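Accompanying notes for the structure given below.
The model shown is predicted, which means the values in this text are computed figures rather than measured ones. Residue numbers start from 1 in every chain, and the chains themselves are labelled A, B, ... in the order their sequence lines are given, proteins ahead of strands.
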Amino acid sequence: MNYLDELNPAQREAAMHLEGPLLIFAGAGSGKTRVLTYRVARLIETGVDPYHIIAITFTNKAAREMRERISAKTSLGEQVWVSTFHAACTRILRREIEYLGYKTGFSIYDTADTLRLIKECIKEQNLSDTNYPPRYVAQVISAQKNELISPAEYERMVAGSFRESNIADVYALYQKRLKNSNALDFDDIIFKTAELFAQHEHIREKYQNRFRYVMVDEYQDTNHAQYELVRHLSGYAQNLCVVGDDDQSIYGWRGADIKNILRFEKDYPGAKVIKLEQNYRSTSTILDAANAVIIHNEERTAKRLWTENARGGPIRIYTARDERDEGYFVAQMIARGIREGARYSDFAVLYRTNAQSRAVEDQFVTGGIPYRIFSGVRFYEHMEIKDMLAYLKAINNPADDISHLRVINVPKRGIGSASIAKIQAFAAENELTFSQALARASEIHDLGKKAAPAKQFAEYLDECAAFSAENSVLALIEKILHDTDYIRTIQDGTPEGAEREQNLKELLAKARAFENESDDTSLGKFLEDVALVADVDNYDENADAAALMTLHSAKGLEFNVVFMVGFEEYIFPTSRSIDAQTPSEMEEERRLCYVGFTRARRILYLTHAISRRRFDHIARNKTSRFLDDVPATCITSVNMYGEARNVKASGASPGMHGRAVRRQADDQPPNPHKGTRPLDPFRETSLREVSGKSWSIAPRESGHRGAAGSASAEKPREARSFKKSFEGGAGGTFSKVPPAKKTFSTKVAPPDFSAGDNVKHIKYGVGKVLEITPAGADYEVTVQFPGAGQKKFMSGLARLVRA
DNA sequence: GAATAAATTGTTTTT
DNA sequence: CAATTTATTC
């Protein structure tokens with residue numbers, strides 16, 4: 001119980017409030033996860049069986065984080081259900097879905113499967129996909145499901161409107177096809193669980209009794225379906241604890257409704273409301289900037305985050321020539337931090353869209369900076385992986401038409417679109433699934449010669465199903481790869497082909513890990529894991545690497561140094577939000593900016609490019625409007641070396657920058673390097689901040705030490721990653737030469753090795769130096785690695801050491 | 001009819 | 001610029 005000393009009064013009050021509804025308004029960095037973790041520990045300590053506790057999050061990353069922290073706090077913590085909405089609902093549905101007329105082995109359709117099925121339905125309704133773009137229709141249907149509106153209800157709602165009625169027809173057909181395929185889409189997972197609870201009282205009571213203590217993280221992101229679900233779950237005991245921050249609501253486009261959190265007190269009379277407004281994470285400068293941005297939003301509850309933390313250095317603005325220069329700048333800043341003793345995991349690069357990661361990645365690869373990319377091109381969305389998974393899904397669920405369709409001609413079996421259409425027509429006529437139609441292919445007239453391979457395919461899947469009953473998932477995948485000679489079909493001699501093969505190997509590794517780690521090793525469970533986790537797990541948890549991710553993915557995380565790249569109009573805020581007629585979209589962008597700023601503990605960089613390649617032309621964007629909201633006293637422009645612009649290296653120049661430096665000096669201990677290196681004070685400051693032994697931010701007055709905490713305890717474990725990217729991918733991109741002729745003010749020291757020497761690289765191991773050529777102020781080093789071939793590095797960035 | 005080559009089109013964000 | 005849709009060849 002002494003651990004309660006580590007909480008501030010508000011935090012403690014929240015952690016000790018165990019019975020009855022509880023709403024925690026938790027500002028960014030206010031120790032929210034800490035409170036939840038302690039609260040669970042407290043519940044268990046007072047005798048609550050962990051079996052009765054459920055904690056629901058939105059992302060897998062958040063779930064993993066919380067699970068680890070709960071387990072670390074209390075030994076019984078592992079018995080607590082900590083999972084995403086989707087994972088929790090899937091688990092419930094596996095047991096109970098037969099009450100809704102589905103079978104327990106249902107498939108989960110991802111976005112691509114969903115789109116494909118919707119396309120078919122549009123066609124089947126004789127609608128043109130130009131008048132009814134599948135993506136749009138998908139979005140409309142998704143929106144209805146998020147509002148718990150069934151096809152029949154939607155039909156009624158839009159009666160009279162020609163266009164919407166047609167969409168309603170598609171919705172109805174789509175839902176029918178899903179059910180016939182025994183499949184659920186992502187939205188159904190929530191929708192059907194809510195429906196289950198609404199329609200079946202005894203099921204609802206069963207789970208209400210099971211989950212007597214319900215906690216929901218990021219409550220501001222719940223949509224209506226999730227809201228209803230939570231109401232059902234917590235309906236009896238009312239031991240519901242929700243945590244959220246309306247300023248961090250960034251999923252409006254997915255149906256999230258801020259009103260859910262704002263009306264909590266009405267929904268749950270007698271609810272205790274606690275506000276956590278003290279931030280323990282960021283410097284006050286960063287917090288001031290974040291507050292200055294978010295204050296422009298109309299739709300928010302009045303509050304202001306405050307901190308006792310030191311002021312810290314100014315926010316650094318870098319104006320890049322283009323996106324390559326931008327990436328290079330980031331790489332260079334990280335490399336410098338590393339040389340001063342920081343770890344790669346201290347750094348994160350955040351961007352608005354996944355596409356932006358590329359330019360940064362390229363520069364990281366050339367610079368030899370290890371990185372992990374979170375939810376970029378997702379592993380399970382690769383063509384070859386989806387193909388294999390479609391085989392598995394077809395085997396696991398014979399009714400799954402979409403998966404059958406995907407692989408019937410992969411590899412080529414001579415069954416083209418015409419033959420497929422005939423089989424589908426036959427299936428429709430006789431009310432068969434696609435797979436049943438295949439088995440009776442010989443009855444389909446004018447299928448002719450194609451009947452044989454069709455039937456063969458059906459028989460092959462049966463064989464696999466029989467095999468699967470006796471063997472592991474791993475063995476099954478190996479069998480399919482072998483039988484179909486799939487790997488040969490994807491090997492086209494290009495680097496992409498090699499990459500695909502590598503991805504398949506990784507899938508095998510994933511299956512192997514699944515067998516070792518999961519207690520239920522069935523094919524169905526494997527597919528479920530895969531469907532609900534977008535990224536492949538990182539096998540090297542301890543690898544030290546910089547993080548690359550979208551602003552959305554970054555929510556809930558924190559880093560010592562954050563780079564927000566692409567801080568430009570039409571990128572962030574996105575062009576869509578600028579064009580939108582309603583202000584609410586722009587408000588959401590603003591909240592996203594607030595989320596981004598508040599990820600940073602010590603140093604925040606905002607970078608933008610003068611010109612940037614977008615589609616096929618070059619765009620010149622103004623700096624983001626959000627930059628205008630940040631007080632001038634909080635920011636400073638830096639040049640490509642990270643030095644404050646227009647400030648002499650002595651730091652003695654007057655004006656805003658000079659003041660900032662002196663202020664800085666008051667807050668920070670003396671610089672050990674002082675006098676030994678003629679560096680710019682900002683840079684010196686930043687280096688020391690980044691390289692200090694303890695990352696804790698010293699409070700100006702004695703505060704709550706625990707919560708300010710040592711960062712090693714607070715630091716989020718990078719839950720998932722994309723190993724392939726970390727490995728850097730094959731060939732090609734490595735030979736890229738960094739942006740031409742940068743002249744360093746202080747020239748990089750020549751490498752302490754020469755051609756012929758062996759050097760060690762952080763990723764590729766030991767290799768032989770072939771050539772060293774001066775490149776601007778740096779040196780380009782060509783190294784031959786036994787494993788990875790020939791690579792080029794910039795000496796100043798890549799940490800090559802003599803071996 | 002199927003496989004391949006050419007043309008076109010579109011980019012938020014996640015489960 | 002990549003991924004999907006449409007035109008052309010086999």
Side-chain angles (χ1 to χ4, degrees), chain A residues 56-63 83-90 108-116 119 129-130 133-136 139 142 145-146 184-191 218 221-223 225-226 249-256 350-359 374-378 380-383 409 411-422 446-450 453 492 496 528-535 549-555 566 570-580 585 588-589 591-593 595-596 613-617 619 720:
Chain A
I56 305 173
T57 64
F58 270 81
T59 64
N60 292 298
K61 208 181 295 168
S83 71
T84 63
F85 268 104
H86 291 266
C89 288
T90 302
I108 297 171
Y109 279 180
D110 66 15
T111 316
D113 297 329
T114 293
L115 208 58
R116 188 162 175 167
K119 267 184 206 167
D129 49 9
T130 41
R135 298 177 126 270
Y136 171 73
Q139 196 194 302
S142 173
K145 291 188 176 184
N146 287 335
L184 302 184
D185 64 19
F186 281 133
D187 298 317
D188 278 341
I189 291 173
I190 310 294
F191 186 109
E218 309 282 11
D221 285 332
T222 50
N223 61 35
Q226 288 160 332
S249 167
I250 55 176
Y251 287 102
W253 50 275
R254 213 172 72 180
L350 310 183
Y351 35 79
R352 181 66 239 270
T353 64
N354 282 306
Q356 288 171 258
S357 71
R358 237 223 161 79
F374 292 80
S375 57
V377 187
R378 281 169 229 149
Y380 293 112
E381 282 175 17
H382 281 106
M383 182 253 283
N409 207 25
K412 305 268 187 291
R413 293 187 178 83
I415 303 171
S417 53
S419 301
I420 289 171
K422 282 175 197 163
D446 66 88
L447 195 58
K449 285 180 201 158
K450 306 294 178 189
D492 49 5
E496 288 78 35
E528 184 181 312
D529 281 10
V530 161
L532 298 176
V533 178
D535 281 330
M549 66 184 86
T550 63
L551 286 158
H552 282 87
S553 306
K555 188 156 72 144
Y570 299 100
I571 290 185
F572 186 37
T574 162
S575 48
R576 229 186 132 111
S577 64
I578 292 171
D579 299 340
E585 282 195 49
E588 184 150 315
E589 294 289 301
R591 290 193 291 268
L592 198 53
C593 182
V595 168
R613 284 181 69 162
R614 223 163 129 69
F615 347 77
D616 54 349
H617 63 91
R720 295 172 293 128

Requested in this report: Answer with base, sugar-phosphate or nothing: what part of the nucleic acid does A:R614 contact at a heavy-atom distance below 4.0 Å?
Outcome: nothing
Requested in this report: May I ask you to say what A:K449 touches in the nucleic acid, namely base, sugar-phosphate or nothing, with a heavy-atom cut-off under 4.0 Å?
Outcome: nothing
Query raised in the report: Going by 5.5 Å between centroids and 30° between planes, is there a stack of A:Y251 over B:dT13?
Result: no
Report task. Could you label the plane-to-plane angle of the A:H552 and A:W253 rings as parallel, tilted or perpendicular, counting under 30° as parallel and over 60° as perpendicular? Result -> perpendicular
Query raised in the report: Between A:G416 and A:T574, which is nearer to the 5' end of DNA chain B once each is assigned its nearest nucleotide?
Result: A:G416
Query raised in the report: Taking for each residue the nucleotide of DNA chain B bearing the nearest heavy atom, is the 5' side occupied by A:D187 or by A:S417?
Result: A:S417
Report task. Nearest whole angstrom, please: distance from the P of B:dT9 to the CZ of A:R135. Result -> 15 Å
**Report entry** Atom-pair distance (CG on A:N60; C1' on B:dT15), nearest Å
**Finding:** 8 Å
Query - Nearest-nucleotide pick for A:T550, side chain only, options being B:dT13, B:dG1, B:dT15 - result: B:dT13
Side-chain donor-acceptor pair present, [X], [Y], cut-off under 3.5 Å:
| X | Y | result |
| --- | --- | --- |
| A:Q356 | A:T353 | yes |
| A:T574 | A:S577 | no |
| A:T114 | A:D185 | no |

Query - P spacing across the pair C:dT6 / B:dT11, given as an integer number of angstrom - result: 15 Å
